[in-house]
Colleague: 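Have a look at this one.
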Amino acid sequence: MVENEKRINCFKCRYFYTTWEPAHPRGCRGYGFKTKAMPSTVVLQSSGRPCLKFVGKP
């Protein structure tokens, strides 16, 4: 990751949610998946690009 890039804070995104599943406690409604890690980290690792669906909470 480039040093100048800021990490996307999923907690401030309207698509982020917390699940009841201990194995997958975090989810992203924008991309439609659940994960143990932060969704923005998973998106960056799998695509090589930062999350493009981030929308700040009102």
Side-chain angles (χ1 to χ4, degrees):
M1 182 185 302
V2 178
E3 291 179 27
N4 294 340
E5 286 185 37
K6 290 185 178 182
R7 291 185 182 210
I8 294 174
N9 186 351
C10 292
F11 292 115
K12 294 183 178 181
C13 180
R14 71 171 51 195
Y15 296 123
F16 176 81
Y17 68 102
T18 302
T19 74
W20 289 96
E21 299 177 36
H24 302 99
R26 299 176 179 110
C28 175
R29 288 188 178 97
Y31 283 107
F33 68 89
K34 299 174 190 172
T35 181
K36 191 167 211 161
M38 290 303 281
S40 62
T41 303
V42 173
V43 170
L44 181 63
Q45 289 175 347
S46 63
S47 69
R49 299 183 64 160
C51 178
L52 299 175
K53 297 217 177 207
F54 177 83
V55 177
K57 290 182 179 178

Colleague: Looking only at atom types and distance, does a side-chain atom of K53 sit under 3.5 Å from a main-chain N or O of C28, one as donor and one as acceptor?
Modeller: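 Side chain of K53 to backbone of C28, a donor-acceptor pair under 3.5 Å: no, none is there.
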Colleague: Rounded to the nearest 0.5 Å, how far does CD of Q45 lie from OG1 of T35?
Modeller: 9.0 Å
Colleague: Working to the nearest 0.5 Å, report the span between OG1 of T41 and CZ of R7.
Modeller: 6.5 Å
Colleague: Ignoring hydrogens, what is the shortest heavy-atom contact between Y15 and G30? Give both atom names and the distance.
Modeller: CB-N, 3.5 Å
Colleague: Using atom types as modelled and distance alone, determine if a side-chain donor or acceptor of S40 lies under 3.5 Å from a backbone N or O of I8.
Modeller: yes
Colleague: For S46 and V42, indicate whether the former's side chain and the latter's backbone hold a donor-acceptor pair under 3.5 Å.
Modeller: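 Between the backbone of V42 and the side chain of S46 there is a qualifying donor-acceptor contact (under 3.5 Å).
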Colleague: Is atom OH of Y31 surrounded by more than 12 heavy atoms (other residues, nucleotides or ligands) closer than 6.0 Å?
Modeller: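 Yes, because the 6.0 Å sphere around OH of Y31 holds more than 12 heavy atoms from other groups.
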Colleague: By the salt bridge (charged side-chain N to carboxylate O under 4.0 Å, His left out) test, which pairs, at least two apart or in different chains, include something from residues 15-31?
Modeller: E21-K34
Colleague: Can R14 and F54 be said to form a side chain to side chain contact (heavy atoms under 4.5 Å, CB included), step by step?
Modeller: CA-CA 8 Å; R14 71 171 51 195; F54 177 83; over 6 Å; no
Colleague: Would F33 and V43 count as a side chain to side chain contact (heavy atoms under 4.5 Å, CB included) if you check the C-alpha gap in whole Å, the side-chain angles of each, and the deciding distance to 0.1 Å?
Modeller: CA-CA 10 Å; F33 68 89; V43 170; 4.1 Å; yes
